[in-house]
Amino acid sequence: MRASEIIEKKRDGSVLSGEEIRFFLTEYLSGAIPDYQMSAFLMAVYFRGMSEGELLTFTEVMRDSGETVDIPGHSGFLLDKHSTGGVGDKTTIALTGIYGCFGIGEIKLSGRGLGHTGGTVDKFEAIPGFHFPEDKKELIAMVEALGGGIMGSTDKIVPLDKKIYALRDVTGTVNSIPLIASSIMSKKLALGSDGILLDVKVGSGAFMKDLPSARELSRVMATIGAKLGRKTVSVLSDMEQPLGLAVGNANEVMEAMDTLKGKGPADFTELVATLVAAGLMMAGKTKGMEEGKRLCDDMIRSGKPLARFREFLAYAGADPAVVDDYALLPGPSRETACLSPTDGWVARLDAGSVGRAAMLLGAGRTKKEDDIDPGVGILLRKKIGDPVRKGEPLAILQYNGGENLEAARDLLGRAFGFSGDVVPRRNVILEILTS
Ligand code: URA
């Protein structure tokens with residue numbers, strides 16, 4: 001078999017055999033096929049897509065390219081909740097406290113932020129002392145001790161995705177539905193969950209800019225899940241504007257903890273309740289979404305999720321006192337407001353621009369090697385549908401140093417658009433798709 005023939009076949013729209021896909025991927029992982037041939041192959045997939053058979057083989061080979069994690073003897077339902085990535089998404093942090101209270105365990109890999117989207121690993125690591133499990137053994141120990149465990153992504157699990165993703169990032173081939181679906185699902189399938197709950201973000205701050213493409217990505221991921229033996233549900237949620245009010249790292253941890261205290265922003269609280277309700281249905285614990293959302297509300301009011309979150313922090317080496325004393329978290333040395341230029345209603349709040357403004361302040365990275373400043377970010381004061389007066393703060397920029405402050409303020413100001421007429425608020429939940 002020759003790599004160039006496989007590339008030509010894909011380029012010309014023929015369907016590759018399982019053997020050809022296996023050959024191409026395994027030879028690439030071993031280094032026998034070079035990056036330039038994989039780049040050409042990825043571009044061919046970008047334009048030609050993949051048949052269902054190709055996609056399943058591609059995903060299986062990715063899944064099996066490294067270690068897989070099974071949790072021996074785990075009796076309850078293990079859920080892997082995954083977000084496709086957005087701005088202000090601190091959902092995993094809040095859910096960490098809640099699922100366990102319902103007897104649902106979690107197992108997942110989380111990533112670092114890159115570009116305008118933040119990463120759960122960076123957010124948790126904003127909590128002083130916080131350490132993720134470093135390997136499979138430590139992840140299993142965490143699941144056994146707490147009923148659930150989260151680990152940062154590692155070279156050992158699905159190493160092929162890491163190698164291919166780095167190439168996609170620089171060859172214009174990230175935004176391909178079969179490549180995104182196989183990348184996400186291979187990592188989910190390598191972990192021994194009982195069900196996969198996908199929070200597929202839709203809008204300007206997300207990979208999927210509109211509902212039809214988000215539905216298609218969800219459909220493709222559900223097909224992979226169904227064929228490879230994993231129950232998969234997708235919640236399509238709004239990323240036209242940031243989720244909640246805080247965008248950064250430590251400030252997002254605070255907002256997640258506020259939500260566990262019943263004091264979170266309405267959109268974020270709604271998304272958390274929906275993901276809890278979906279998880280409860282997947283685990284066979286409830287029959288309907290409304291019942292699950294009500295149970296989530298009651299559970300938060302009981303204070304138990306906050307207690308579990310404290311236990312999780314203590315296990316991870318962080319001081320649980322942060323829950324009651326946010327001053328223990330890193331913060332900005334200075335703050336300044338971005339003011340409204342007009343009276344009216346907020347009609348637009350571009351999530352991508354807010355994410356990039358936070359990145360300019362140091363909350364995110366432009367390159368993988370960059371350090372972040374966990375204490376900086378943006379606190380939104382207005383969201384779409386809110387009335388606003390000229391000169392009123394739209395958002396607060398939290399910063400240290402302030403090298404890119406004016407660029408960030410400018411970008412943030414341009415993220416907002418206004419209308420002289422009343423603008424309806426946006427729904428955070430767009431659709432729920434079950435396979
Ligand atoms: N997240 C992933 O893990 N992979 C992609 O390709 C896109 C988002």
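In each ligand, atom 1 is the first atom listed, and ligand 1 is the first ligand listed.
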(request) Consider every N or O of R168 and every N or O of ligand 1, then say whether any pair is closer than 3.5 Å. (result) yes
(message) For the 3.5 Å polar cut-off, considering only N or O atoms, please tell me whether K187 and ligand 1 meet it.
(response) yes
(request) Pull out every atom of ligand 1 sitting under 4.0 Å from any heavy atom of S183, numbered as shown with elements. (result) 2 (C), 3 (O), 4 (N), 5 (C), 6 (O)
(request) May I ask you to list the atoms of ligand 1 that are less than 4.0 angstrom from any heavy atom of F207? (result) 7 (C), 8 (C)
(message) When you compare the side chain of L198 with that of T232, does any pair of heavy atoms fall below 4.5 Å?
(response) yes
(request) Please check if the distance between the ring centroids of Y99 and F77 is under 6.0 Å. (result) no
(message) Among E52, M50, R22, exactly one meets side chain to side chain contact (heavy atoms under 4.5 Å, CB included) together with T57. Which residue is that?
(response) R22
(message) Students should be able to answer this: which protein heavy-atom is nearest to atom 1 (N) of ligand 1, and at what distance?
(response) I184 CG1, 3.8 Å
(message) I need the minimum non-hydrogen distance between I164 and M62, along with the two atoms involved.
(response) CD1-SD, 4.1 Å
(request) Run the salt-bridge test on D199 and K201 with the 4.0 Å N-O cut-off and return the result as yes or no. (result) yes
